[in-house]
Amino acid sequence: MKPVRLITAVLAAAALSLPLAAPAAAGPSPDHRPPDHPRHSKPGTLRWAAPDGFVIGTAVAGGGHHEEQDYPDPFTSDRKYRKLLARHFSSVSPENQMKWEYIHPERGEYDFGMADSIVEFAERNGQDVRGHTLFWHSQNPAWLEEGDFSDEELREILHDHITAVVGRYAGRIDQWDVANEIFDESGELRTEDNIWIRELGPEIIADAFRWAHEADPSAELYFNDYGVEDVNAKSDAYYALVQDLLAEGVPVHGFSAQVHLSTQYGFPGSLQENLRRFDDLGLGTALTEVDVRMRLPESGVATPEQLEQQSDYYEQALSACLNVEGCDSFTIWGFTDKYSWVPVFFEGEGSATIMDGRFTPKPAYFALRSTLLEAGGGGRPAPPWAGRGR
Ligand code: G3I
């Protein structure tokens, strides 16, 4: 929770003699975020525009679909990309580099190279890090998915992984997406495709959070998913699960919605209401992978109308988060179309991020910046060039 908002909430609760929130499990104080340091936060940038205690983040491009493209690794090779990554963002999320297939490629062998460089980059640039992810049905290495393990061995493998990865970055990662996408679209647990739930039963979810908390008691531990923006069957399933876990004292600290949107569909109108009900449980909330894709015309170039609609969706998503007390982290899934996952996954669609392939800001960039400013950010006067958004 942002410090100013926390004080307001405390005063309001005191006045009404109400408890602040349902008793949450033991865990880190959610109001740990200091204001962005002026050394890193140059006037006119997105991070400068953000109110104190609110982080604006992006995925760090690398691994995954990037490996199939004809460009080198973006994070390590593209100097302009790195410059903008440091300049505009106060939080970073490894897009693929902390997933099992990258960080744990062979049984008992870890490769922390890419993850280390992202965490070190973040520290140099005064950025938070969101760890992604520890418990998922996708991007697991073949040795794990195809191995023949007893339940006891599998449990040990997960315990070792969480202890090694979370422990390595203890005190340096602010939020972990501990469990990613554990429910399907109808709100059923993924008992088939999630190896952990299939083999070890749903109780393993609580263990994953307990082990992560043991490895880093200061990290905020999240459930993260797509399609949970609205109040719907899937977000209801999380709402029920986290209440059970909190009642058992399991260290769950947050719920995050990915927010992969498309202009072909309406904006998820109950996003704010949904975030607020998790906030009311005493959890932190975050938007973690925001992008807004569109079906491109034959020219391949988005029309001004499409870009306006996109800008409106970005702005609405950011406002929903800013309007909820404990939502203090807004991350986009890449900031430039040059490296977006969207055209690789959705044929004929693209232009999903806030800058085009040449890093030219789109209306969505300016909408985010002015929304942040309206929410109280931008501690120092912006220079004349700020309007250009670079
Ligand atoms: O591993 C296969 C390989 O065996 C095969 O030969 C090759 C041929 O295409 O594909 C490889 O899979 C790729 C995978 O990354 C490997 O790391 C996929 O094609 C590639 O599309 C995939 O991309 C990543 C995707 O997660 C995987 O689910 C994207 O880079 C990454 O942006 C995306 O990120 C996810 C978040 O983690 C969770 N939320 C949704 C979000 C978008 O899908």
Side-chain angles (χ1 to χ4, degrees), residues 57-78 81 85 89 91-106 111 113-115 118 129-146 165 173 175-185 190 193-196 222-229 234-235 238 254-262 268 286-294 317 329-354 357:
T58 180
V60 176
H65 72 280
H66 304 285
E67 293 185 340
E68 301 150 23
Q69 310 301 308
D70 59 1
Y71 51 70
D73 177 63
F75 175 63
T76 45
S77 312
D78 187 336
Y81 174 85
L85 181 64
F89 299 96
S91 177
V92 290
S93 305
E95 183 174 358
N96 293 289
Q97 303 91 329
M98 283 187 184
K99 293 173 181 173
W100 272 74
E101 66 174 350
Y102 288 97
I103 214 164
H104 200 162
E106 298 296 337
D111 181 351
M114 289 187 292
I118 293 172
V129 182
R130 294 198 82 262
H132 178 79
T133 175
L134 302 165
F135 184 107
W136 194 22
H137 63 273
S138 180
Q139 287 182 277
N140 288 327
W143 70 263
L144 174 65
E145 289 285 347
E146 292 159 22
V165 177
I173 291 201
Q175 298 184 346
W176 265 107
D177 290 334
V178 173
N180 194 41
E181 302 172 4
I182 60 166
F183 288 104
D184 67 16
E185 274 69 8
R190 290 185 189 268
D193 47 4
N194 183 306
I195 180 173
W196 312 110
Y222 272 67
F223 281 105
N224 184 55
D225 212 326
Y226 64 87
V228 292
E229 290 72 34
K234 200 171 175 181
S235 61
Y238 278 101
F255 168 79
S256 51
Q258 296 178 6
V259 197
H260 292 293
L261 303 179
S262 165
L287 304 188
T288 53
E289 304 183 14
V290 183
D291 55 17
V292 184
R293 62 185 189 274
M294 59 194 72
S329 176
F330 179 92
T331 293
I332 55 181
W333 209 237
F335 63 87
T336 165
D337 292 341
K338 187 173 181 184
Y339 299 129
S340 170
W341 69 293
V342 165
V344 180
F345 276 73
F346 301 95
E347 209 186 329
E349 297 184 50
S351 192
T353 76
I354 62 169

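Since this is a predicted model, take the numbers as computed values, not measurements. Whatever order the structure lists them in is the order used to number ligands and atoms, beginning at 1.
With a 6.0 Å cutoff to the six-membered ring centre and a 45° limit on the axis angle, Arg130 counts as a cation-pi contact of Tyr222.
Ligand 1 lies under 4.0 Å from heavy atoms of Gly64, His65, Glu68, Glu95, Asn96, Lys99, Glu101, Tyr102, His132, Trp136, Ser138, Gln139, Asn180, Glu181, Gln258, His260, Glu289, Trp333, Trp341, Phe345.
The aromatic rings of His260 and Trp341 stand perpendicular to each other, their planes meeting at an angle above 60°, with 30° marking the opposite boundary. Classification of the Tyr238-Phe183 ring pair by plane angle, with boundaries at 30° and 60°, yields perpendicular.
Evaluation of the side-chain hydrogen bond (donor to acceptor under 3.5 Å, both in side chains) rule for Thr76 yields Asp73 as partners, not counting sequence neighbours.
Between Asp78 and Tyr71, the side chains place no donor N or O within less than 3.5 Å of an acceptor N or O (distance only, hydrogens not considered). No side-chain N or O of Asp291 forms a donor-acceptor pair with one of Thr353 less than 3.5 Å apart.
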